[in-house]
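Here is the structure we will look at, set down as structure tokens.
Residue numbers begin at 1 in each chain, while the letters A, B, ... track the order of the sequences.
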Number of protein chains: 4
Amino acid sequence: MEPIKVAGITFRLDATKPFYEQIVAQVCGALARGELGLEERMPSVRELAQLLKVNPNTVMRAYQDLERSGLLVTYRGQGTFTTNKPEPVERIRRELAHGAVQDLVGVMRQLGLSREQTMTLIQEVDWE
Amino acid sequence: MEPIKVAGITFRLDATKPFYEQIVAQVCGALARGELGLEERMPSVRELAQLLKVNPNTVMRAYQDLERSGLLVTYRGQGTFTTNKPEPVERIRRELAHGAVQDLVGVMRQLGLSREQTMTLIQEVDWE
Amino acid sequence: MEPIKVAGITFRLDATKPFYEQIVAQVCGALARGELGLEERMPSVRELAQLLKVNPNTVMRAYQDLERSGLLVTYRGQGTFTTNKPEPVERIRRELAHGAVQDLVGVMRQLGLSREQTMTLIQEVDWE
Amino acid sequence: MEPIKVAGITFRLDATKPFYEQIVAQVCGALARGELGLEERMPSVRELAQLLKVNPNTVMRAYQDLERSGLLVTYRGQGTFTTNKPEPVERIRRELAHGAVQDLVGVMRQLGLSREQTMTLIQEVDWE
DNA sequence: GTGGTCTAGACCACA
DNA sequence: GTGGTCTAGACCACG
């Protein structure tokens with residue numbers, strides 16, 4: 001519903017997609033856009049769960065996914081931090097962008113639309 | 001899986017999404033591209049199930065979804081046919097294209113990419 | 001689609017309900033309205049099937065239902081005729097009307113509508 | 001069967017129509033009559049299946065139909081709830097009432113009965 | 001715990 | 001032959 005800001009990240013959850021995926025995506029986005037810096041402390045699992053009104057297991061799963069991607073690291077007893085290296089951020093950013101483009105191209109080709117027709121549709125859509 | 005062609009439709013199922021959704025998408029695509037004409041007979045539920053090596057219930061669910069969208073009609077005891085009206089096909093085509101563009105824009109904005117950067121990525125990708 | 005007239009009966013079949021039910025209903029209707037008289041010869045199964053472009057089995061089933069209701073009688077080698085007694089016609093007419101009213105009342109009560117509200121709705125609908 | 005009450009809904013299943021349609025109709029009715037409120041939790045698929053002594057798939061199909069009509073919403077892992085908006089309820093209510101009246105009028109006209117004769121029949125029938 | 005997908009196989013209504 | 005309903009039971013994703 002209404003956005004929730006914490007530690008430079010703006011979270012906005014809706015029921016149309018899995019919560020943990022949305023958390024992953026929004027942390028990725030904040031890192032990719034530079035709103036969330038490197039080596040910054042993340043809210044704790046329980047803290048974030050409370051803020052977002054979701055089950056702690058859900059946040060846990062999101063953090064685990066993000067660790068697997070190299071975007072977060074957990075220091076035992078210290079908490080969870082964003083990576084100190086820019087490479088994983090860049091890599092994930094490229095992967096996500098590429099995947100999204102591939103998904104679009106898949107649908108458009110299935111519908112028999114050309115690249116030009118697709119570009120026109122993207123020109124017409126509101127961006128901001 | 002290797003693609004299976006029947007009645008102008010090419011089916012290719014994988015395990016990443018529900019089978020019935022993939023069947024729906026591929027029938028939609030065949031109609032949208034004109035490879036599957038209006039008022040044509042669809043393979044029977046049992047026949048397609050056997051060809052795709054899935055359960056008849058799975059095919060039936062896909063056919064029922066397509067009927068709800070107005071793309072298929074069934075005549076009692078006669079079988080299932082594509083609609084004789086072009087409007088539903090055009091409508092679905094537009095809906096799918098619009099949805100795919102919206103999904104892309106959502107991801108790109110989240111990553112902080114501009115419309116121009118997105119267009120460049122689309123220019124770079126192989127289309128056919 | 002377009003109505004087909006034969007022996008005082010007007011047939012109009014659509015795909016939304018079973019063909020045999022529609023044939024039964026339309027023969028009943030023709031009798032109830034007096035458009036089809038008593039002791040009249042019905043078209044043969046094969047003849048009617050051809051006219052209505054349906055399977056002869058479908059017409060057969062309709063005739064059997066009508067025989068069971070006492071509206072038709074078959075004389076071997078002579079063909080099928082409407083009953084020579086007015087009672088079955090009146091009885092069926094009452095049964096059908098009563099059944100239709102019961103169906104309506106069932107739905108209206110389920111929706112929590114009163115008899116008065118129902119009467120108002122019926123007043124508003126086009127009759128002819 | 002004897003009626004089964006749960007969460008403000010009274011279920012009564014018989015063999016004359018598909019179970020899932022009867023479940024749909026009875027949930028619609030409970031919503032339309034206000035016996036089932038907005039934003040209320042529905043019994044879980046498995047729970048209702050057990051109560052009604054039907055297969056969970058049958059209940060699920062009913063719930064999915066109701067979701068498509070906008071009467072129910074499901075939250076991942078949380079369960080199924082009635083909508084928080086009154087509009088879909090009103091819309092369905094009108095659609096069902098209108099359809100039932102149309103069905104009645106169709107039969108009555110086929111039997112050659114006038115609006116007045118029909119009104120008389122409705123006056124005579126028990127309502128509660 | 002929740003709903004969702006899928007299978008295997010039975011039985012029915014309709015043409 | 002066609003589609004449609006239902007069951008029993010498995011497995012998965014999500015919270």
Practice prompt. May I ask you to verify if any side-chain N or O of B:Ser44 is less than 4.0 angstrom from the OP1 or OP2 atom of F:dT2?
Written response: yes
Worksheet item: Under 3.5 Å, is there a donor-acceptor pair linking the side chains of D:Glu39 and D:Thr82?
Response: no
Worksheet item: Just checking, any donor-acceptor pair under 3.5 angstrom between side chains of D:Thr80 and D:Thr74?
Response: no
Fill in: Those residues that, when tested against C:Leu96, pass side chain to side chain contact (heavy atoms under 4.5 Å, CB included) (two or more places apart)
C:Cys28, C:Ile92, D:Leu111
Item to complete: Name all residues meeting the side chain to side chain contact (heavy atoms under 4.5 Å, CB included) criterion together with C:Asp103; count only those two or more places apart in sequence or in a different chain, and write none if there are none.
Response: none
Discussion item. Using a 3.5 Å distance criterion without hydrogens, assess whether the side chain of D:Thr83 forms a donor-acceptor pair with backbone atoms of D:Lys85.
Written reply: yes
Using whole Å, what does the distance between atom [atom2] of nucleotide [N] and atom [atom1] of [X] come to?
{"X": "D:Asp65", "N": "E:dG3", "atom1": "CG", "atom2": "C1'", "result": "15 Å"}
{"X": "A:Ile23", "N": "F:dG15", "atom1": "CD1", "atom2": "P", "result": "8 Å"}
{"X": "B:Gln64", "N": "F:dC6", "atom1": "CD", "atom2": "C1'", "result": "13 Å"}
{"X": "D:Arg41", "N": "F:dG15", "atom1": "CZ", "atom2": "C1'", "result": "12 Å"}
{"X": "D:Leu13", "N": "F:dT5", "atom1": "CG", "atom2": "P", "result": "15 Å"}
{"X": "D:Glu67", "N": "E:dG4", "atom1": "CD", "atom2": "C1'", "result": "11 Å"}
{"X": "D:Tyr63", "N": "E:dT2", "atom1": "OH", "atom2": "P", "result": "11 Å"}
{"X": "D:Tyr75", "N": "E:dG1", "atom1": "OH", "atom2": "C1'", "result": "18 Å"}

Response to the item:
dist B:Asn57:CG -> B:Gln64:CD (nearest 0.5 Å) comes out at 9.0 Å
Practice prompt. Please work out the stems of DNA chain E from pairs that are Watson-Crick or G-U wobble with both distances under 3.5 Å, keeping only runs of three or more consecutive pairs.
Written response: E:1-14 with F:1-14
Would you give me the side-chain donor-acceptor pairs under 3.5 Å for residues 44-54 of chain A, sequence neighbours excluded?
from: A:Ser44; atom 1: OG; to: A:Glu47; atom 2: N; distance (Å): 3.0
from: A:Glu47; atom 1: OE1; to: A:Ser44; atom 2: N; distance (Å): 3.4

Worksheet item: In the 5'-to-3' direction, what one-character label does each nucleotide of nucleotides 10-15 of chain E receive under the scheme B = base within less than 4.0 Å of a protein heavy atom, S = sugar-phosphate only, - = no such atom?
Response: ----BS
Worksheet item: Do C:Glu95 and C:Arg91 meet the salt-bridge criterion of a basic N to acidic O distance under 4.0 Å?
Response: yes
Table please: side-chain donor-acceptor pairs of residues 14-26 of chain A below 3.5 Å, with sequence neighbours left out.
from: A:Asp14; atom 1: OD1; to: A:Thr16; atom 2: N; distance (Å): 2.8
from: A:Asp14; atom 1: OD1; to: A:Thr16; atom 2: OG1; distance (Å): 2.3
from: A:Tyr20; atom 1: OH; to: A:Arg61; atom 2: NH2; distance (Å): 3.1
from: A:Gln22; atom 1: OE1; to: A:Asp14; atom 2: N; distance (Å): 3.0
from: A:Gln22; atom 1: NE2; to: A:Asp14; atom 2: O; distance (Å): 2.6
from: A:Gln22; atom 1: NE2; to: A:Lys17; atom 2: O; distance (Å): 2.7
from: A:Gln26; atom 1: OE1; to: A:Arg12; atom 2: N; distance (Å): 2.7
from: A:Gln26; atom 1: NE2; to: A:Arg12; atom 2: O; distance (Å): 2.8

Item to complete: Would you kindly compare B:Gly79 and B:Met60 by the position of their nearest DNA chain F nucleotide and give the one closer to the 5′ end?
Response: B:Gly79
